[in-house]
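Here is the structure we will look at.
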Amino acid sequence: MHKGIENKYLSLTPLIEDHDEVILFCERIREALQRKIESNRIKGYIDWFKETYLDPHFEIEQEFIFPILGNNNVRVKRAIANHRRLNRLFNETSSLHTVFHKIEEELTTYIGFEERILYQEIRAITTQEAWKEVEEKHSQLKFSDDDWTDRFWEV
């Protein structure tokens with residue numbers, strides 16, 4: 001079977017479902033900013049989310065997903081640059097209100113880029129076996145925010 005025809009059936013669902021967690025995270029930041037929640041509470045949640053979810057997510061992408069296209073691919077380079085920019089924002093300790101807005105905006109834009117462009121390109125050249133391996137690696141990233149007790153977005 002022609003590779004392009006075979007690959008159009010490969011599912012992006014597990015990867016996109018993981019992105020739903022990031023979209024929810026962004027919504028919580030927006031909500032916190034609108035409600036004028038104390039910066040230290042928001043920063044605590046942001047740091048926890050980064051360590052618990054984003055760092056492992058970025059690691060899986062860089063180790064297993066991006067190499068499919070190669071690190072010299074222009075879209076992979078953009079994705080890696082986005083990871084670096086986001087990490088710098090997460091590490092920022094001043095002008096937090098502005099930083100929170102930037103994190104939310106950058107993540108939202110980045111997720112759209114991954115889903116509409118990067119993952120589609122990867123899917124177009126990947127065999128079913130390789131894609132199953134990608135999904136398996138990605139499914140190892142289990143995330144739940146049940147352990148986060150300061151649920152300021154529920155107030």
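Because the structure is predicted, anything quoted here is derived from the model rather than measured.
- To the nearest 0.5 Å, atoms CG (D145) and CG (L24) are separated by 7.0 Å.
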Next on the checklist: side-chain contact (heavy atoms from CB on, under 4.5 Å), that's the test. Do L118 and F66 meet it? Break it down for me.
Outcome noted: CA-CA 9 Å; L118 184 63; F66 298 166; 3.4 Å; yes
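- Among R78, E59, Q62, the single residue meeting the side-chain hydrogen bond (donor to acceptor under 3.5 Å, both in side chains) criterion with H83 is Q62.
- Atom CD1 of I122 sits about 5.5 Å away from atom CD1 of I68, to the nearest 0.5 Å.
- A parallel orientation is assigned to the rings of H57 and Y53, their planes being inclined by less than 30° (bins at 30° and 60°).
- Smallest separation of non-hydrogen atoms from Q120 and R116: CG-O, 3.3 Å.
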Next on the checklist: Using side-chain contact (heavy atoms from CB on, under 4.5 Å), reason through I125 and L69 one step at a time and then give a plain yes or no.
Outcome noted: CA-CA 8 Å; I125 67 164; L69 290 176; 3.4 Å; yes
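- What you find for S39 and F100 is that their closest heavy atoms are O-CZ, 3.6 Å.
- Judged as a side chain to side chain donor-acceptor pair (under 3.5 Å), and not counting sequence neighbours, T93 has no contacts.
- Applying the salt bridge (charged side-chain N to carboxylate O under 4.0 Å, His left out) test to residues at least two apart or on different chains, the pairs with a partner in residues 100-111 are R30-E104, R85-E106.
- The shortest non-hydrogen separation linking T108 to C26 is OG1-SG, 3.7 Å.
- Here CD1 of I23 is found 5.5 Å from CD1 of I111. Values are rounded to the nearest 0.5 Å.
- Here the closest non-hydrogen pair linking W153 and R35 is O-NH1, 3.4 Å.
- Applying the salt bridge (charged side-chain N to carboxylate O under 4.0 Å, His left out) criterion to R88, with sequence neighbours excluded, gives no partner residue.
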Item to check | L54 and L107: CA distance, side-chain angles, deciding distance, side-chain contact (heavy atoms from CB on, under 4.5 Å) verdict | outcome: CA-CA 10 Å; L54 276 182; L107 275 171; 4.1 Å; yes
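- Inspection of the Y119 and E61 side chains reveals an N or O donor paired with an N or O acceptor under 3.5 Å.
- For F152, the ring-ring contact (aromatic ring centres under 6.0 Å, His included) partners are Y45, not counting sequence neighbours.
- Scanning all heavy atoms of the two residues, the minimum distance from F25 to I103 falls at CE2-CG2, 4.2 Å.
- Listed here is the closest heavy atom pair of W48 and S144: CH2-O, 3.8 Å.
- Within the model, atoms CG of L89 and CG of L96 stand 11.0 Å from one another, a figure rounded to the nearest 0.5 Å.
- Sequence neighbours left out, the pairs with a member in residues 44-55 that pass salt bridge (charged side-chain N to carboxylate O under 4.0 Å, His left out) are K43-D47, K50-D55.
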Item to check | Trace of the side-chain contact (heavy atoms from CB on, under 4.5 Å) decision for F90 with V99 | outcome: CA-CA 8 Å; F90 277 97; V99 169; over 6 Å; no
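- Among pairs with a residue in residues 66-77, those fulfilling side chain to side chain donor-acceptor pair (under 3.5 Å) read N73-E121, R75-E121, at least two apart in sequence or across chains.
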